[in-house]
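Residue numbers start at 1 and run along the sequence shown. Computed over heavy atoms, backbone and side chain alike; hydrogens, waters and symmetry mates excluded.
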Amino acid sequence: MLSNQRVYVTLMVGTAVAVPISKEILDLLIGIEVKTETGSASGFQLTFALEKNSPLQTLFLLPSSSPIPLIPPMVRVIIVVTINGFQEVLMDGVITNIDVDPGGNGRNATLTVTGEDLSRVMDYIDFSGFPFPAMPEEARVPVMLAKYGPLGIVPKVIPSVLINVPLPTEQIPQQRGTDLAYIKSLAEQVGYVFYISPGPLPGQSFAYWGPEIKFGVPQPFLNVDMDAHTNVDSLSFSFDSTPRTLPVIFTLNPETKALLPIPIPDITPLNPPLGALNPLPTKIKYGEEVSKYSPVKAAAIGLAQASQFAESVSATGSLQVQRYGRFLKARQLVGVRGAGTAFDGLYYTQSVTTSLKRGELTQSFKLTRNGIIPNDLRRDELTQGFKPNRSGLVPEIPKIP
């Protein structure tokens with residue numbers, strides 16, 4: 001393990017079962033970068049100093065060029081960071097690419113290992129034609145994930161309100177494509193998301209299939225311009241109302257055979273208003289290929305689309321993990337303080353990139369929200385600087401002394 005001011009890094013590598021690498025190889029490690037982003041697979045990058053007769057040649061390069069490669073080719077990597085006695089599994093994935101820079105002109109040779117999370121393993125083999133008789137979507141997902149149990153993947157499936165059990169005498173659903181592609185297509189049909197999250201123990205991961213949840217217990221506050229309580233290096237905000245779009249879906253009336261337009265709001269129990277003042281939609285997006293679904297199923301797909309166009313406030317910044325006291329995690333809420341009335345409050349963490357070098361452990365992040373001014377302010381704080389009018393609240397013009 002590599003230690004630096006109460007920060008310990010454990011790197012595990014193997015074909016199916018990853019084991020800790022030797023100190024000789026870990027001493028060649030220059031840097032680690034792990035990115036977690038909503039809507040895509042998590043990725044990692046390891047950079048090593050490459051020397052002649054280095055053991056890295058055997059660990060990474062020889063398996064990829066072996067005349068008898070593994071089927072499928074898979075080298076597993078687990079990255080564990082322990083800070084202040086608390087263990088965090090940053091990544092559990094497989095290698096997808098290896099690059100070698102021979103150096104020169106004063107530059108040392110380096111070997112860069114790039115990879116993705118374990119969802120990449122689910123995209124190796126095409127299982128098209130596998131039948132699922134009398135099984136709804138939420139029952140097919142655990143069946144497909146069961147084959148990845150030896151990798152430590154535990155299914156976390158939330159049943160949909162649109163349970164549809166096809167009769168075997170009428171239809172037997174069959175898989176189309178790889179497990180990853182088919183699971184994602186099933187999630188889109190009911191307005192759900194699918195991703196794999198590593199941890200909490202090394203070698204264990206959770207495969208989540210369910211709605212994108214934007215509520216719950218928030219992470220510790222990000223403090224801006226609060227003297228000794230400041231725990232971020234930088235934080236900037238942007239307000240843009242142009243992405244606000246009103247999705248409109250069409251459903252077919254079975255009696256009149258007429259298409260009925262249904263506007264979909266972007267505020268739902270799973271996507272609550274994190275901002276008190278939300279801009280009005282400036283665009284209308286008509287849903288495609290949803291008229292063949294039932295009204296309830298079409299509405300669920302529309303709700304998932306509406307949440308994608310609801311974010312009008314974004315924030316980007318960076319922090320030092322040791323100063324923040326823990327790792328900031330994506331796909332969770334986090335609070336912001338000290339940025340002013342317009343931008344304080346709760347945000348949804350859309351993406352986090354963790355960078356680790358010797359003597360440095362930082363994170364860059366992106367936060368999103370669907371409006372300005374936190375909705376947890378008191379009424380007098382919310383209306384401060386405004387006066388009532390027939391059309392609502394308008395800015396109050398200050399009096400000139």
Side-chain angles (χ1 to χ4, degrees), residues 16 37-43 70-74 93-94 96 115-197 205-212 247 249-252 254 259 264 285-308 331:
E37 185 176 7
T38 303
S40 62
S42 301
L70 299 174
I71 303 177
M74 183 182 71
V94 294
T96 59
E116 297 180 5
D117 60 30
L118 291 179
S119 63
R120 184 60 181 264
V121 181
M122 302 173 58
D123 206 29
Y124 283 152
I125 304 176
D126 191 331
F127 290 97
S128 296
F130 190 88
F132 297 96
M135 298 178 66
E137 288 85 351
E138 48 270 4
R140 303 175 213 171
V141 175
V143 172
M144 287 183 283
L145 292 175
K147 63 174 69 74
Y148 305 101
L151 296 178
I153 297 179
V154 179
K156 185 184 292 186
V157 178
I158 298 180
S160 170
V161 296
L162 310 173
I163 297 179
N164 179 27
V165 182
L167 296 177
T169 56
E170 298 179 358
Q171 179 188 12
I172 298 180
Q174 294 183 350
Q175 181 170 338
R176 297 184 300 273
T178 62
D179 289 335
L180 180 62
Y182 190 56
I183 288 179
K184 285 186 174 181
S185 67
L186 294 179
E188 292 176 357
Q189 292 179 14
V190 294
Y192 276 9
V193 296
F194 174 77
Y195 59 85
I196 293 183
S197 177
S205 299
F206 285 98
Y208 177 78
W209 189 88
E212 187 173 10
I249 62 173
F250 293 89
T251 181
L252 182 65
L259 289 177
I264 303 298
K285 183 180 185 301
Y286 297 99
E288 301 177 357
E289 298 182 359
V290 295
S291 59
K292 59 183 178 181
Y293 300 130
S294 64
V296 178
K297 190 171 185 178
I301 298 176
L303 289 174
Q305 296 177 356
S307 63
Q308 299 176 2
R331 305 187 181 100

> Taking Asp117 for the side chain and Ser42 for the main chain, is one N or O donor matched with an acceptor at less than 3.5 Å?
Replying inline: yes

> Cationic tip of Lys184 within the cone over Phe194's six-membered ring, i.e. under 6.0 Å and within 45° of the normal?
Replying inline: no

> Taking side chain as C-beta onward, heavy atoms only, is Ile158 less than 4.5 Å from Tyr208?
Replying inline: yes

>> Using every non-hydrogen atom in the two residues, find where Gly115 and Thr96 come nearest and quote the distance to one decimal.
In response: CA-OG1, 3.5 Å

> Is there a side-chain contact between Arg140 and Pro173 (heavy atoms, below 4.5 Å)?
Replying inline: yes

>> Donor-acceptor check, side chain of Arg331 to backbone of Glu212, threshold 3.5 angstrom: yes or no?
In response: no

> Is the backbone of Val154 close enough, under 3.5 Å, to the side chain of Tyr148 for a donor and an acceptor to pair up by distance?
Replying inline: no

> Distance-only, no hydrogens or angles: does the Gln175 side chain make a donor-acceptor pair with backbone N or O of Gly177 under 3.5 Å?
Replying inline: yes

> Below 4.5 Å, heavy atoms only, C-beta onward: do Met122 and Ile196 meet side chain to side chain?
Replying inline: yes

> Can you tell if the side chain of Met74 reaches within under 4.5 Å of the side chain of Val121, non-hydrogen atoms only?
Replying inline: yes

>> Using side-chain heavy atoms (C-beta onward) and a distance below 4.5 Å, is Leu186 in contact with Met144?
In response: yes

> Taking all atoms of both residues into account, what is the closest heavy-atom pair of Ala187 and Trp209, and its distance?
Replying inline: CB-NE1, 3.4 Å

> If you measure only the distance, is there a donor-acceptor pair under 3.5 Å linking the side chains of Asp126 and Thr178?
Replying inline: no

> How far does OG of Ser197 sit from CG of Leu118, to the nearest 0.5 angstrom?
Replying inline: 11.0 Å

> Closest heavy-atom contact between Glu116 and Ala41?
Replying inline: OE1-CB, 4.3 Å

>> For the residue pair Tyr124 / Asp179, report whether a side-chain donor-acceptor contact shorter than 3.5 Å exists.
In response: no

>> What's the separation between atom CG in Leu180 and atom OG in Ser185, rounded to the nearest 0.5 Å?
In response: 9.5 Å

> Hey, would you say the Phe132 and Phe130 ring centroids sit under 6.0 Å apart?
Replying inline: yes

